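Here the structure is a predicted model, which is why all the values come from computation and not from measurement.
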Amino acid sequence: MATEFKYHPALKHGIYSPTAVLPNENPAEFKKLHRSLVAELRPNGAMEHNIVAELARYLWRSKNLATFRYANYRANLLSDERFIEQLRILEAMDPAKREAKLAPFRERSYHANIAEATTIKRLMETLDIEERLNTRIDRCLKRLLFVRGLKSISTASASGPSQRLSAPSKAARHNGQTWNA
């Protein structure tokens, strides 16, 4: 019986995924972050709550970028046919033999991951991802302020008609002439 390997779609594109918490991440920690943002920003209404929830997702992803990298690495492996075939062979092995066969690969994999993680290319990718996340975070904050501004304008206009200016005040007159702006 062949095992079909499936992975969560957020593993492939976890940065912009509507799924906030990826597998191997702590959902309770995410909820704590979200509650903290709600307490700090005090959203009022559905739109503001939606913006704060989106903000929480981007902050969470920024904070847990290593988890995203690992999930992306796994998704790439699971799309590799040769790797899947090797997994199937290993699954069929006796657990003790499997462990003995995997030990040298784990050591090499550990050192290869360190070497790959310290390249200029990886640094540039990480900085690019951080920049994109920070841009999204800034947009969320701007939208939140914009929505609050719209609400304050509509609240002010609903409270009563605005007063219209009539004739210029005495301070605006000079030598009997009226200064028009």
Side-chain angles (χ1 to χ4, degrees), residues 4-80 113 116-173 178-181:
E4 185 176 329
F5 295 98
K6 292 185 178 181
Y7 56 89
H8 200 280
L11 295 179
K12 184 137 177 110
H13 302 290
I15 290 178
Y16 303 113
S17 170
T19 303
V21 182
L22 297 175
N24 300 332
E25 290 181 335
N26 187 345
E29 285 293 317
F30 174 76
K31 288 178 184 175
K32 181 179 174 185
L33 170 68
H34 185 250
R35 281 192 306 267
S36 153
L37 286 171
V38 168
E40 183 178 345
L41 299 172
R42 301 192 189 290
N44 182 16
M47 187 171 284
E48 288 186 24
H49 277 282
N50 186 35
I51 293 168
V52 171
E54 186 178 346
L55 179 62
R57 285 195 308 269
Y58 292 134
L59 285 170
W60 177 259
R61 188 55 37 231
S62 179
K63 179 181 172 187
N64 294 288
L65 198 51
T67 307
F68 164 73
R69 285 207 173 277
Y70 176 71
N72 193 38
Y73 169 75
R74 287 208 46 195
N76 287 336
L77 280 179
L78 293 175
S79 66
D80 182 358
N113 286 339
E116 200 270 330
T118 57
T119 63
I120 296 294
K121 179 183 174 192
R122 174 59 75 90
L123 174 64
M124 296 306 290
E125 288 172 359
T126 300
L127 292 174
D128 183 49
I129 291 169
E130 288 173 350
E131 176 74 24
R132 288 172 185 250
L133 287 168
N134 287 334
T135 299
R136 298 281 182 154
I137 291 166
D138 290 346
R139 285 183 183 168
C140 285
L141 291 171
K142 286 177 185 174
R143 274 198 341 235
L144 183 63
L145 292 173
F146 180 75
V147 168
R148 286 183 176 171
L150 285 177
K151 286 180 179 180
S152 70
I153 290 171
S154 66
T155 304
S157 66
S159 65
S162 61
Q163 296 177 342
R164 298 193 180 255
L165 296 176
S166 53
S169 66
K170 289 183 183 180
R173 297 173 197 222
T178 304
W179 293 85
N180 293 327

Is any side-chain heavy atom of [Y] closer than 4.5 Å to one of [X]?
{"X": "Glu130", "Y": "Leu127", "value": "yes"}
{"X": "Ile51", "Y": "Leu41", "value": "no"}
{"X": "Glu48", "Y": "Lys151", "value": "yes"}
{"X": "Glu131", "Y": "Thr135", "value": "yes"}

Non-hydrogen atoms of [X] and [Y] that approach each other most closely:
{"X": "Trp60", "Y": "Asn26", "result": "CH2-O, 3.6 Å"}
{"X": "Val38", "Y": "Pro43", "result": "O-CD, 3.4 Å"}
{"X": "Ala56", "Y": "His34", "result": "CB-CD2, 3.7 Å"}

Item to check | Derivation of the side chain to side chain contact (heavy atoms under 4.5 Å, CB included) call for Arg148 and Asn44 | outcome: CA-CA 9 Å; Arg148 286 183 176 171; Asn44 182 16; over 6 Å; no

Next on the checklist: Taking Lys142 first and then Asp138, would you say they form a salt bridge - that is, a charged N and a carboxylate O separated by under 4.0 Å?
Outcome noted: no

Next on the checklist: Under the rule for salt bridge (Lys or Arg N to Asp or Glu O under 4.0 Å), what residues qualify as partners of Glu54, not counting sequence neighbours?
Outcome noted: Arg143

Using 0.5 Å steps for rounding, measure from the [atom1] atom of [X] to the [atom2] atom of [Y].
{"X": "Lys63", "Y": "Phe30", "atom1": "NZ", "atom2": "CZ", "result": "11.0 Å"}
{"X": "Leu150", "Y": "Thr155", "atom1": "CG", "atom2": "OG1", "result": "10.5 Å"}
{"X": "Leu144", "Y": "His49", "atom1": "CG", "atom2": "NE2", "result": "10.5 Å"}
{"X": "Arg57", "Y": "Leu59", "atom1": "CZ", "atom2": "CG", "result": "11.5 Å"}

Next on the checklist: Main chain of Lys32, side chain of Ser36: is a donor-acceptor contact present, judged purely on distance under 3.5 Å?
Outcome noted: no

